[in-house]
Amino acid sequence: MYLQGKHALVTGGGTGIGLAIARALVAEGAQVTITGRRLSVLEEVAEDGMHPLAMDVTDEAAVREVTAQAVAARGPVQICVANAGIAEGRKLHKTSGEFWRRIMATNLDGCFYTVRESLQSMLGTDWGRVIAISSIAGIKGSAGAGAYAASKHGVIGMMRSFGEDFIGQPYTFNSICPGYVDTPIVERNTASIAERTGASAEEARDVMVNVNRHKRLIKPEEIAAAAMWLCNPLCESVNGTEVHIGGGQF
Ligand code: NDP
């Protein structure tokens, strides 16, 4: 229970990777504020130690207000997990400005607002961890997903830079870069591939399974294990870098 009494904020904490991380944090004694746009989803999964709050990460004022509300209820945010994200692909010539902005607003602006507002309280404490969920698409090009890959590259640049800003202080800033993980994002991709190509659901899912070189989807708990490692008191020298969990992709 090495996180007993610590307050963690997990955006997108009601589903998939965020939920797995929230559960792992609670198991180590943290009080976890879970956020997302759909309060009903958060309320449905919340267990003891999880505190649901509706928050749209694209809305700067909402991130400021909801984070302040969480801090007032449970104390300074000492673990910030900027996980909320959307994954949609378009080839360059089909990428409208509106589509580009929507991806950036969620994946990049949302991560920035979340981390900045969490730091308001974290910096008054003597220990903090910031973890952003980037992607393998944050370290290499991704066919048909330029906006998504750009947003996830941006997340990595942000964490590396924040790590520099606070070097020598008791806070760390790192990204986790997953390959395909078995979450609602993959379910939605499966449906979309099947619809576009006429493939069966199994064939469509295999498109993603086969991109992971170990030929299986990664479990959300595998990502949570990495997040927990980054929260370990002995992990303070891991800062401004990325943990790759790509099933052999890099
Ligand atoms: P999910 O769709 O389950 O999770 C995304 C979460 O983000 C949801 O809980 C969603 O809640 C929340 N969210 C989306 N938009 C917003 C918004 N504007 N404001 C607040 N919350 C929002 O999929 P994953 O768990 O897979 O995704 C989590 C992260 O992992 C994402 O950043 C994704 O890019 C990344 N990732 C996922 C991979 C995968 O293969 N699954 C691979 C690599 C990275 P709600 O809709 O209620 O707002």
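We count ligands from 1, going down the list as the structure has it; atoms in each ligand are counted the same way.
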ask   = What do you reckon, is CD of Glu47 surrounded by more than 12 foreign heavy atoms closer than 6.0 Å?
value = yes

| request: For ligand 1, find out whether one of its N or O atoms is nearer than 3.5 Å to an N or O atom of Val57. | output: yes

Check Glu98 with Arg102, please: is the shortest side-chain N to carboxylate O separation under 4.0 Å? yes

Note: ligand 1 atoms sitting under 4.0 Å from heavy atoms of Gly85 are 5 (C), 7 (O), 14 (C), 31 (C), 32 (O)

Notebook entry, point to check: Is there a donor-acceptor pair under 3.5 Å between the side chain of Gln78 and the backbone N or O of Gly128?
Noted result: no

Looking only at protein heavy atoms, what sits closest to atom 18 (N) of ligand 1 is Asp56 OD1, 2.9 Å

Near Met55 (heavy-atom distance under 4.0 Å), the atoms of ligand 1 are 19 (N), 20 (C)

Apply the test salt bridge (charged side-chain N to carboxylate O under 4.0 Å, His left out) to residues Glu164 and Arg160: give CA-CA distance (whole Å), side-chain angles for both, the deciding distance (0.1 Å), then the verdict. CA-CA 7 Å; Glu164 292 292 331; Arg160 288 181 180 176; over 6 Å; no

If you scan protein heavy atoms around atom 24 (P) of ligand 1, the nearest is Thr183 OG1, 3.4 Å

Looking only at non-hydrogen atoms, the one of Leu19, Thr15, Asn83, Asn107 nearest atom 31 (C) of ligand 1 is Asn83

Filtering Val181, Ile17, Asp109 for the heavy atom nearest atom 37 (C) of ligand 1 leaves Ile17

Atoms of ligand 1 under 4.0 Å from any heavy atom of Thr58, numbered from 1 in the order shown, are 18 (N)

Within the 4.0 Å heavy-atom cut-off, what Pro220 brings close to ligand 1 is neither

Looking only at protein heavy atoms, what sits closest to atom 46 (O) of ligand 1 is Arg37 NH2, 2.9 Å

Between Arg188 and Ser192, is the side chain to side chain donor-acceptor pair (under 3.5 Å) condition met? List the steps.
CA-CA 6 Å; Arg188 286 191 292 273; Ser192 152; over 6 Å; no

Looking only at protein heavy atoms, what sits closest to atom 43 (C) of ligand 1 is Pro178 O, 3.4 Å

Among non-hydrogen protein atoms, atom 34 (O) of ligand 1 lies closest to Tyr148 OH, 2.7 Å

Query raised in the report: Between the main-chain N or O of Ser118 and the side-chain N or O of Ser121, is there a donor-acceptor pair closer than 3.5 Å?
Result: yes

Checklist entry - So, Arg90 side chain and Ser96 main chain: donor-acceptor pair closer than 3.5 Å or not? => result no

among protein heavy atoms, the one nearest atom 11 (O) of ligand 1 is Arg38 NH2, 3.8 Å

- Item | Under 3.5 Å donor-acceptor, Asn174 side chain and Thr241 backbone | yes

Problem - Ala105 near ligand 1 by a heavy-atom separation under 4.0 Å - result: no

So the atoms of ligand 1 within less than 4.0 Å of a heavy atom of Tyr180 turn out to be 40 (O)

Under 4.0 Å from one or more heavy atoms of Gly16, ligand 1 contributes atoms 3 (O), 25 (O)

heavy-atom search around atom 27 (O) of ligand 1 in the protein gives Ile185 CD1, 3.5 Å

Atoms of ligand 1 under 4.0 Å from any heavy atom of Arg188, numbered from 1 in the order shown, are 2 (O)

For Ile133 and ligand 1, answer yes if some heavy atom of the residue is under 4.0 Å from a ligand atom, otherwise no. yes

Expected output: side-chain Asn83 to main-chain Thr11 donor-acceptor under 3.5 Å = yes

Closer than 3.5 angstrom, by distance alone: can the side chain of Glu242 be matched with the main-chain N or O of Ser175 as a donor-acceptor pair? no

Ligand 1 atoms nearer than 4.0 angstrom to some heavy atom of Val186 are 40 (O)

### Task
Using non-hydrogen atoms of the residue, decide whether Thr11 is closer than 4.0 angstrom to ligand 1.
no

Restricting to heavy atoms, the pick from Gly12, Cys111, Ala87, Gly179 nearest atom 42 (C) of ligand 1 would be Gly179

Taken in chain and number order and not counting sequence neighbours, the residues that satisfy ring-ring contact (aromatic ring centres under 6.0 Å, His included) with Tyr171 are none

Electrostatic pair Arg116:Asp109 at N-O distance under 4.0 angstrom: no

for atom 44 (C) of ligand 1, nearest protein heavy atom and its distance come out as Ser134 O, 3.1 Å

For Pro184, the atoms of ligand 1 under 4.0 Å from one of its heavy atoms are 3 (O)

So CG of Asn210 and CZ of Arg205: to nearest 0.5 Å the spacing works out to 12.0 Å

Arg129 side chain to Asn232 main-chain N or O, any donor-acceptor pair under 3.5 Å? yes

Hits for salt bridge (charged side-chain N to carboxylate O under 4.0 Å, His left out) against Arg38, two or more places apart or cross-chain, chain-then-number order -> none

For Lys152, is the nearest heavy atom under 4.0 Å from an atom of ligand 1?
yes

Nearest heavy atom to atom 22 (C) of ligand 1, choosing from Ser135, Ala132, Ala84, belongs to Ala84

